[in-house]
Student: 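Shown below is the structure under consideration.
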Amino acid sequence: MNYNFTEIEKKWQGIWEKENTFSATNDYTKPKYYALVEFPYPSGQGLHVGHPRSYTALDIVARKKRLEGYNVLYPMGWDAFGLPTENFAMKNHIHPEIVTANNVARFKEQLKSLGLSFDWNREINTTDPSYYKWTQWIFIQLFKKGLAYKSEMPVNWCTSCKCVLANEEVVNGVCERCGSEVVRKVKSQWMLKITEYAQRLIDDLDLPDINYIDRVKTSQKNWIGRSTGAEVVFDTTKGDTLTVYTTRPDTLFGATYMVISPEHPLIKEWADTIENIKDIEEYQVQASKKSDFERTELAKEKTGVEIKGVRGINPVTEKEIPIFVSDYVLMGYGTGAIMAVPAHDTRDYDFAKAFNIPMVEVVAGGNIEEEAFTDCATGVMVNSGFLTGLTVEEAKAKMISWLEENKKGHAKVNFKLRDWVFSRQRYWGEPIPIVKCEKCGYVAIPESELPLRLPDIEDFEPTDDGQSPLARMEQFVNTTCPCCGGKAQRETDTMPQWAGSSWYFLRYCDAHNENELASKEALNYWLPVDWYNGGMEHTTLHLLYSRFWHKFLYDIGVVSCPEPYAKRTSHGMILGENGEKMSKSRGNVVNPDDIVREYGADTMRLYEMFIGDFEKSAPWSTSSIKGCKRFLDRVWNLQDILVDGEDYRPEVETSMHKTIKKVSEDIETLKFNTAIASMMALLNDITNTGAINKAEMKALLIMLNPFAPHITEEMYEILGFEGKVSEQQWVTYDENKCIDKSIEMAVQVNGKIKTKLQVAVDISKEDVIALAKADSKVANAIEGKTIVKEIVVHKKLVNIVVK
RNA sequence: GCCGGUGUGAUGGAAUUGGCAGACGUGACGGACUCAAAAUCCGUUGGUAGCGAUACCGUGCCGGUUCGAGUCCGGCCACCGGCACCA
């Protein structure tokens with residue numbers, strides 16, 4: 001009988017769908033397991049071969065957990081709001097809703113063809129009003145707690161999308177999506193106060209039950225960018241003060257000038273006193289014209305203007321020092337002003353060199369003629385009054401207490417993380433459920449009016465002045481104030497794509513609840529997510545945003561665990577056959593449909609897991625797929641050599657136990673590639689005996705089932721085993737039976753292999769040394785020499801050291 | 001510049017965390033089956049020297065620790081990803 005994978009796969013996918021085989025039950029007394037993969041953006045291109053890498057991996061985990069008796073939730077949905085859909089809709093004059101529906105249908109069909117065990121009863125779609133009702137609800141809660149606010153601020157403006165972008169969406173100074181130039185523009189924007197959670201977002205990564213892979217943890221921490229230092233208050237010759245932030249209070253004696261950002265408000269206050277105000281204003285204009293890109297590109301060349309007429313006073317040296325305006329100081333970080341210590345900061349060094357400002361060495365150990373000396377670990381304080389002679393760390397502490405005693409400053413923690421720009425001037429997103437009333441200001445719409453539906457419109461083109469297309473819809477815009485009943489106007493901006501994905505894993509717990517985002521019982525039972533896998537590209541933004549929302553929901557009592565994900569892993573990319581990133585323009589795209597058609601879903605799944613280390617990127621190889629197909633063919637052909645037998649035969653018993661152990665452990669540690677390799681090795685062992693018995697066959701089918709679910713179910717049925725594989729117990733192993741009775745030990749003389757010995761596993765140290773010495777090659781090598789040492793490594797080797 | 005990652009046969013990758021480097025797969029070569037090809041099955045396959053048993057070399061480079069290093073330590077080099085004037 002032939003292995004007709006097309007027919008077999010269709011058959012079992014039909015059975016699973018009809019019988020709801022993979023629905024999670026609401027029996028909250030059972031032990032639960034929540035496996036989660038990032039839900040895709042249903043793009044027009046259809047599924048990429050990269051998607052199934054993550055989905056198959058956790059499908060294997062989910063299927064194994066089911067076999068182990070867990071109530072498993074493995075859901076799937078669609079992160080469907082977003083620009084590509086809107087742009088496609090605009091170009092082709094099709095409503096984004098229809099575009100989305102078509103793309104979702106295609107994706108769903110593709111996912112089903114892979115035999116992924118998703119619980120389709122809990123499918124969600126972020127563009128569904130019954131879903132975004134709750135996205136809007138969360139926004140209102142944030143607003144009520146003062147964590148959503150509107151602010152005039154310079155934003156990144158994409159000249160082509162005519163849209164505000166988050167800092168994160170600007171890549172190398174251009175728009176992440178369309179590649180057009182991004183400029184700065186001042187606009188009134190909705191902001192979310194993620195900075196309020198900065199410290200907790202760092203601290204809770206180290207909670208005892210939180211198990212993120214290290215590189216994900218590190219990148220979260222780096223992104224939040226915590227630094228400790230001090231705020232120092234400088235008096236000015238004008239009689240007011242200028243406060244700076246520094247991480248190096250120890251170097252205060254070396255501060256020979258100050259710099260403020262071009263946007264600093266003090267410039268306006270000082271305008272009358274500043275003698276060269278024209279030059280300063282000219283510089284401000286120049287700086288504001290620069291895009292972020294230019295500001296960074298020209299980083300090497302420091303520019304600036306000295307403020308004439310106002311000087312700062314160094315609080316410890318009491319000397320007057322000049323104040324400059326320069327765009328190397330950013331208004332958005334710290335106080336927008338710095339004390340400059342050219343001898344010990346690279347940027348200040350460059351600036352001081354360019355402007356001929358004197359520098360004072362206050363930490364000895366470097367050569368400041370050559371470059372700034374920034375090392376904190378080895379230096380000793382010099383020229384620093386009461387700090388002289390201390391180490392840098394001691395000096396930091398002492399200076400901070402001096403500042404606090406003299407009311408000249410205090411210790412301070414800062415973060416790189418900024419508040420989250422939450423408005424987009426686009427159509428295809430969740431409407432922000434806020435109205436602006438002339439009397440009452442910004443008011444949230446009553447929760448009873450949720451969802452605030454996205455109105456149907458025909459023209460999705462944004463306006464040139466940067467308003468969302470919704471702004472043209474007068475029926476939508478004009479409304480009454482829920483507070484005073486007077487005239488009011490709706491917010492016309494929509495939420496960014498990150499909104500819907502910031503809480504979707506909660507909705508899966510109770511996907512059809514009309515009264516709450518999910519019931520308390522469901523959330524208590526399913527959370528936290530036990531294992532969340534996704535791409536490395538989401539380890540900063542999506543992960544941070546969703547952790548922020550989750551913590552907020554925790555604070556207001558909606559969820560009862562402080563962190564959403566107990567374990568987070570990331571898979572590597574699948575590259576094109578030439579080792580480059582897969583893309584249409586490179587012409588190296590592999591279509592998963594073709595692979596399924598030609599080799600079958602089981603082979604495709606197996607290959608994607610066998611391709612290499614799960615966490616690393618790996619190039620696609622069409623010829624390697626054949627190896628996985630051959631493996632399944634050979635498994636299929638085992639039917640021809642099946643014999644009776646209730647127990648494993650002695651000749652394969654150890655091999656069976658070892659493989660079960662290896663596969664069980666490897667699935668938990670993301671080593672799917674070696675799990676498959678060990679099953680291949682087991683198959684080789686079995687076929688070498690010329691037969692397989694029923695006990696061995698059953699175990700093999702169960703073990704292979706999570707990887708290749710269709711073929712294993714089919715064979716299980718054909719061979720007349722009872723029930724289905726998916727209803728069996730996961731295979732177990734006996735540690736004692738994993739050990740070979742007879743093993744091969746290497747014999748070394750002075751660390752060089754001389755021979756190999758076949759010995760009993762429990763051989764004594766003395767016996768094995770005697771055996772080794774009896775070997776002619778070993779005897780030759782040690783003849784006439786003195787034995788210095790004899791080393792026996794249990795079950796591994798013998799090393800005889802001679803002189 | 002900073003942070004993270006990687007470097008092993010022709011090739012994708014293994015190596016129980018300091019103990020026989022190259023598991024498993026691909027490719028290649030030889031053989032069986034076949035009129036033939038495909039498929040399948042069996043064997044060989046890190047390099048150099050030798051008919052050979054065997055010897056020497058071998059995990060990016062240089063050095064160190066150790067009876068023993070792909071693995072640990074110090075110093076480099078190359079590539080990939082992210083961040084980038086964050087004081």
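Note on naming: letters A, B, ... go to the chains in the order of the sequence lines (proteins, then strands), and numbering restarts at 1 for each one.
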Student: Kindly point out which of B:rC24, B:rA87, B:rC85 is positioned nearest to the side chain of A:Val329?
Tutor: B:rA87
Student: Measure CE/A:Met331 against C1'/B:rC85 and give the value in whole Å, please.
Tutor: 16 Å
Student: Look at the side chain of A:His571 and the backbone N and O of A:Lys616, then say whether any donor-acceptor pair between them is shorter than 3.5 Å.
Tutor: no
Student: Considering only atom C1', compute the distance from B:rG22 to B:rG27 and round it to an integer number of Å.
Tutor: 16 Å
Student: Can you tell me how far C1' of B:rC85 sits from CZ of A:Phe355, to the nearest Å?
Tutor: 14 Å
Student: Which residues satisfy the side-chain hydrogen bond (donor to acceptor under 3.5 Å, both in side chains) test with A:Thr374, sequence neighbours excluded?
Tutor: none
Student: What is the nucleic acid contact for A:Glu790, judged by heavy atoms within less than 4.0 Å: base, sugar-phosphate only, or nothing?
Tutor: nothing
Student: Rounded to the nearest Å, what distance is computed from the CG atom of residue A:Asp350 to the C1' atom of nucleotide B:rA87?
Tutor: 13 Å
Student: Considering only the C1' atoms, how many Å lie between B:rC35 and B:rA21, rounded to the nearest integer?
Tutor: 47 Å
Student: From CD1 of A:Ile625 over to P of B:rU26, roughly how many Å is that when rounded to an integer?
Tutor: 12 Å
Student: What is the distance, rounded to the nearest whole Å, between atom NZ of A:Lys796 and atom P of B:rG19?
Tutor: 7 Å
Student: Counting only heavy atoms not in A:Lys581, do more than 12 sit closer than 6.0 Å to its NZ atom?
Tutor: no
Student: Is a donor-acceptor contact shorter than 3.5 angstrom present between the side chain of A:Lys756 and the base of B:rC20?
Tutor: yes
Student: Starting at the 5' end of RNA chain B, what dot-bracket string do you get if Watson-Crick and G-U pairs under 3.5 Å are bracketed, crossing pairs use [ ], other-strand pairs use | and unpaired bases use dots?
Tutor: (((((((..(((......[....)))((((((.......))))))((((....))))..(((((..]....))))))))))))....
Student: Using the C1' atom as the point on both nucleotides, what is the distance between B:rG75 and B:rC80, in whole Å?
Tutor: 23 Å
Student: Would you call A:Lys671 and A:Glu665 a salt bridge, taking side-chain N to carboxylate O under 4.0 Å as the test?
Tutor: no
Student: Sticking with atom P, work out how far B:rU11 lies from B:rG18, rounded to a whole angstrom.
Tutor: 29 Å
Student: Decide yes or no on ring-ring contact (aromatic ring centres under 6.0 Å, His included) for A:Phe351 and A:Phe324, but give the supporting numbers first.
Tutor: CA-CA 10 Å; A:Phe351 189 86; A:Phe324 288 78; 5.2 Å; yes
Student: B:rU8 and B:rC24: how far apart are their C1' atoms, nearest whole angstrom?
Tutor: 16 Å
Student: Does A:Asn222 put a side-chain nitrogen or oxygen below 4.0 Å from OP1 or OP2 of B:rA84?
Tutor: no
Student: Students often get this wrong, so: under 4.0 angstrom with heavy atoms, is A:Ser227 touching a base, only sugar-phosphate, or nothing?
Tutor: sugar-phosphate
Student: Choose from B:rC24, B:rG27, B:rC67 the nucleotide whose nearest atom is closest to any side-chain atom of A:Lys626.
Tutor: B:rG27
Student: When you measure from the side chain of A:Asn314 to the backbone N and O of A:Val316, does any donor-acceptor pair fall under 3.5 Å?
Tutor: yes
Student: Show the atom names and distances, to 0.1 Å, of all donor-acceptor pairs under 3.5 Å that link a side chain in residues 250-257 of chain A to residues at least two apart or in another chain.
Tutor:
from, atom 1, to, atom 2, distance (Å)
A:Asp250, OD1, A:Arg248, NE, 3.2
A:Asp250, OD2, A:Arg248, NE, 3.2
A:Asp250, OD2, A:Arg248, NH2, 3.0
A:Thr251, OG1, A:Arg248, O, 2.7
A:Thr256, OG1, A:Pro358, O, 3.0
A:Tyr257, OH, A:Tyr328, OH, 3.4
A:Tyr257, OH, A:Asp348, O, 3.0

Student: Can you pull every protein N or O that's under 3.5 Å from an N or O on nucleotides 38-41 of chain B?
Tutor:
from, atom 1, to, atom 2, distance (Å)
B:rU40, OP1, A:Arg630, NE, 3.4

Student: Which nucleotide in the set B:rC83, B:rA87, B:rC57 lies at the smallest distance from any side-chain heavy atom of A:Trp223?
Tutor: B:rC83
Student: Which nucleotide sits closest to the side chain of A:Lys789: B:rG25, B:rC67, B:rC20?
Tutor: B:rC67
Student: Nearest heavy atom decides the nucleotide; on that basis, is A:Arg215 or A:Ser623 closer to the 5' end of RNA chain B?
Tutor: A:Arg215
Student: So what does A:Glu537 touch, heavy atoms closer than 4.0 Å: a base, only the sugar-phosphate, or nothing?
Tutor: nothing
Student: Expressed in whole Å, how much space separates the C1' atoms belonging to B:rC29 and B:rG19?
Tutor: 34 Å
Student: Between B:rG19, B:rG4, B:rC24, spot the one nearest the side chain of A:Thr218, thanks.
Tutor: B:rG4
Student: Nearest whole angstrom, please: distance from the C1' of B:rU6 to the CG of A:Leu575.
Tutor: 13 Å
Student: Checking one value: the base orientation of B:rU40, syn if chi is within 90 degrees of 0, otherwise anti.
Tutor: anti
Student: What is the distance, to the nearest angstrom, from the CD1 atom on A:Ile791 to the P atom on B:rC67?
Tutor: 7 Å
Student: For the pair A:Asp602 and A:Lys629, find out whether any cationic side-chain nitrogen is under 4.0 Å from an anionic carboxylate oxygen.
Tutor: no
Student: So, does A:Thr56 use its side chain to make a donor-acceptor pair with the main chain of A:Arg605 at under 3.5 Å?
Tutor: no
Student: OP1 or OP2 of B:rA87 less than 4.0 angstrom from a side-chain nitrogen or oxygen of A:Tyr333, does that happen here?
Tutor: yes
Student: Tell me if the centroids of the rings in A:Phe631 and A:Trp636 come within less than 6.0 Å of each other.
Tutor: no
Student: On RNA chain B, check which nucleotide each of A:Ile676 and A:Glu744 is closest to and give me the residue with the more 5' one.
Tutor: A:Glu744
Student: Any salt bridge linking A:Glu668 with A:Lys661? Criterion: basic side-chain nitrogen under 4.0 Å from a carboxylate oxygen.
Tutor: no
Student: Can you tell which of B:rC67, B:rG4, B:rC24 lies closest to the side chain of A:Met680?
Tutor: B:rC24
Student: For A:Asn684, report the nucleic acid contact type (base, sugar-phosphate, nothing); a contact means any heavy atom under 4.0 Å.
Tutor: sugar-phosphate
Student: So does A:Val802 get a backbone contact from the side chain of A:Asn750, meaning a donor-acceptor N/O pair under 3.5 Å?
Tutor: yes
Student: Roughly how many Å is it from NE2 in A:His542 to P in B:rG82, rounded to a whole number?
Tutor: 19 Å
Student: Is the base of B:rG75 syn or anti, where syn means the angle lies within 90° of 0?
Tutor: anti
Student: Expressed as a whole number of Å, how far does the C1' atom of B:rU59 sit from that of B:rA78?
Tutor: 16 Å
Student: Pull out every protein N or O sitting under 3.5 Å from an N or O of nucleotides 10-15 of chain B, one pair per line with the distance.
Tutor:
from, atom 1, to, atom 2, distance (Å)
B:rG12, O2', A:Ile611, O, 2.8
B:rA14, OP1, A:Asn673, ND2, 2.9

Student: My understanding is that only residues two or more places apart in sequence, or in another chain, count here; which of them pass salt bridge (charged side-chain N to carboxylate O under 4.0 Å, His left out) with A:Glu790?
Tutor: A:Lys773
Student: Determine the Euclidean distance between corresponding P atoms of B:rG52 and B:rC42; express it in Å to zero decimal places.
Tutor: 27 Å
Student: Is the closest basic N to carboxylate O distance between A:Lys658 and A:Asp685 below 4.0 Å?
Tutor: no
Student: By nearest atom, which of the nucleotides B:rG68, B:rA87, B:rA21 is closest to the A:Ile753 side chain?
Tutor: B:rA21
Student: Determine the minimum heavy-atom distance between A:Ile686 and A:Ile692, stating which atoms define it.
Tutor: CG2-CB, 3.7 Å
